[in-house]
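Notes to accompany the following structure.
In what follows, chains carry the letters A, B, and so on, assigned in the order in which the sequence lines appear, proteins first and then strands, with residues in each chain numbered from 1.
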Number of protein chains: 2
Amino acid sequence: MLALIKIFVKLISNRYNIFMNPELLHEYIERISCLLDSEARMVGADLNLQPVQLNALNYINRSNRYSNTPQGVTEYLGLTKGTVSQTLSILESNGLIKKSPDKKDGRVVRLNVTAAGNKLLRKAIPSPSIRNTWEGLNEQDQSALVDGLKQLLLEMQKTNGMQAFGICGTCRFNSKRGEKKFFCELTQENLTLKDTELLCREHQSIEQETTPNVV
Amino acid sequence: MLALIKIFVKLISNRYNIFMNPELLHEYIERISCLLDSEARMVGADLNLQPVQLNALNYINRSNRYSNTPQGVTEYLGLTKGTVSQTLSILESNGLIKKSPDKKDGRVVRLNVTAAGNKLLRKAIPSPSIRNTWEGLNEQDQSALVDGLKQLLLEMQKTNGMQAFGICGTCRFNSKRGEKKFFCELTQENLTLKDTELLCREHQSIEQETTPNVV
DNA sequence: TAATATAGTTTCGATTCGAAACTATTTAAT
DNA sequence: ATTAAATAGTTTCGAATCGAAACTATATTA
C-alpha cells in the first residue's frame, strides 16, 4: 500500500517522465561533475587554488596516519604519482601542507595540513551548493541520497579496481573495545574515536576481502 | 513504526556510523567526481578522446533543436566559450560532429553528431561502473538515488546561477496535446514524443520563473 | 544610421596531466 | 651477505585543458 502511494507521488512529481534508466543516472552524475568542477574553479580562484589542489588538501586533512602520504593522495585522486608530486610541491610552497620524512620507512613522506591550510579548507568545504541542497532535504531524502552515493562509490571503486577509501565505522578490520576505544585488526593498533572518523587507504567493507598493503 | 524499522535497519547496516552531514555528502560527491574523471580518462584513452570531448559529444547528442549550439555546450559544461570552441573544432576534425550555419540567424552554428560520433557514444555511455551500480540496486534505491541527484543538480544550478538544463517532461512550458503530441508554450511549437526527451537550454522547472533566452 | 548585444573564433600564457626516466630505500631471493 | 626486485617519491618532457582578452560577423535596439 505504502509502495503504491510512493509510486503515485512520484508519478505526480515527475509528471509523465517516470522512466528511470542507467543513462539518466549517468547524465545526472556527469552533469553534477561538470558543475562541481566549475564551482571548484570559482572557489579555487577566490582562494588562489586549483580545484585539484583543493581536493588533495581536503584528502590530506581527512586521511588517517596510514594514509597521509603522496601515494595515498595518488590512489584517492586516481592520478599518476608524478602528477600528484607536482601538486603537493605547490601546496607545500604555498604553506598549506608540511612534508616530513617517515620515522620508520625512509622512502615514505608524511603529509600534514598546516594551520593556514586548515583555515582555507573551512572556508571551502562543504561547498555552498552542497550545503544548500542538504538543508533543503528532509531526513529521509538525506539518507537516501547519501546511501545511494555510497553504493555508487563502492561500485565505482570495485569496477575500476581502485582502493576503497573509507572510515573505520564501515571497515571489517575495525573492532570496538570500549565506549570510545577501537582496535584495528590489520595494523594491530588501538584507535581513538577521532582516529576512526578519518579516511583510510586500507579500508575494506565488511563483505570485501583482498590482500592489504600494510602488514 | 515503519520509520522506526527503517532507522533500525540503517543502524545495523552502517554499524555505529549513523551520523550524516553535508560534509559527508561533499566527500562522496567529490570522490565520485574524481573517480568519474579518472574513469573518463581511461574510457577516453581507448577511444582516442579526452573526457571533456566525450562530455561535449554526449551533450550534443542529447540536446534539442533549441540547444545544439556552441553556446549551449558552453552553458552545459560551465566553461568559457573560447575553450568550448576549441573542443568543438577537435570533435569536428575527428569527424564526430558536423557544424552547419543556422538558417535564420547567421551568427549561430548548429551542431550535430555524425554516425561515427553516435557509434562512439554508444560504446562509452553509460559507463561500466554506472551500469553496474544501477543493476545492483533495487527499484526503490534506484529512484531514491536518481531523485536525490536531481535535487542536488537543481540546487547546484540555482546556487551557481546556471541555466537548468532538462527535458520537457519536467518543464513548465510544456503541455500535452494528445497521446504523443506536445506543445512548447515558450517557442509556440509542436513537439513529438522524441523531442520531449531531449535536453533543453530553456528548461524551467514548474515552480521556477525567470526570463527566457528565446523569444 | 549608429550603438549595442550576441554568437562564435583565435591567440596567448598558465596549469594539468601522463609517460618515462630517475634516485633512494626497503624487501625478497639466492 | 650480496644481489635482485619492489616500493615511494621526484623530475623532465610533451600534449592537452583552461580562462582572459582581442577579434570578426551578424542581429537587435536606440
### Message
Just by distance, no angles: are the side chains of A/R62 and A/N58 close enough, under 3.5 Å, to form a donor-acceptor pair?
### Response
no
### Query
Just checking, is any N or O donor in the side chain of A/S67 or A/N64 under 3.5 Å from an acceptor N or O on the other one?
yes
### Message
Counting distance alone, no hydrogens or angles: does the base of D/dG9 have a donor or acceptor under 3.5 Å from a partner atom on the side chain of A/S85?
### Response
no
### Message
Given C/dG8, D/dG9, D/dG19, identify the nucleotide with an atom nearest to the side chain of A/R41.
### Response
D/dG19
### Task
May I ask you to verify if any side-chain N or O of B/Q50 is less than 4.0 angstrom from the OP1 or OP2 atom of C/dC17?
no
### Task
Would you kindly give the CG-to-P distance between A/L91 and C/dT15, to the nearest whole Å?
14 Å
### Task
Calculate the interatomic distance between B/D105 atom CG and D/dT24 atom P; express it in whole Å.
20 Å
### Query
Going by atom types alone, do A/Y76 and A/Q71 pair a side-chain donor with an acceptor below 3.5 Å?
no
### Message
Tell me the interatomic distance from A/K103, atom NZ, to C/dT26, atom C1', rounded to whole angstroms.
### Response
19 Å
#### Entry: Protein-nucleotide distance (A/Q53, atom CD; C/dC17, atom C1'), rounded to Å
13 Å
### Whole angstrom value for the distance that separates P of C/dA21 from NZ of A/K81
13 Å
### Task
Using atom CD of B/E39 as one end and atom P of C/dC17 as the other, report the distance to the nearest whole Å.
17 Å
### Task
Decide whether a cation-pi geometry holds between A/R177 and A/F183; the criteria are a distance under 6.0 Å from NZ or CZ to the six-membered ring centre and an angle within 45° of the ring axis.
yes
### Message
With a cut-off of less than 4.0 Å, is there a side-chain N or O of A/T80 near OP1 or OP2 of C/dA19?
### Response
no
### Message
Measure CG/A/N48 against P/C/dA14 and give the value in whole Å, please.
### Response
14 Å
### Query
How close or far is atom C1' of C/dT16 from atom CG of A/L77, stated in whole angstroms?
12 Å
### Message
If you assign each of B/T87 and B/G82 to its closest nucleotide in DNA chain D, which residue comes earlier from the 5' end?
### Response
B/T87
### Task
Before accepting this row, confirm whether a basic side-chain N of the pair A/R107/A/D105 lies closer than 4.0 Å to the acidic partner's carboxylate O.
yes
### Message
Using a heavy-atom cut-off of 4.0 Å across all strands, would you classify A/T69 as base, sugar-phosphate, or nothing?
### Response
sugar-phosphate
### Query
For D/dT28, does OP1 or OP2 lie under 4.0 Å from any side-chain N or O of B/K104?
no
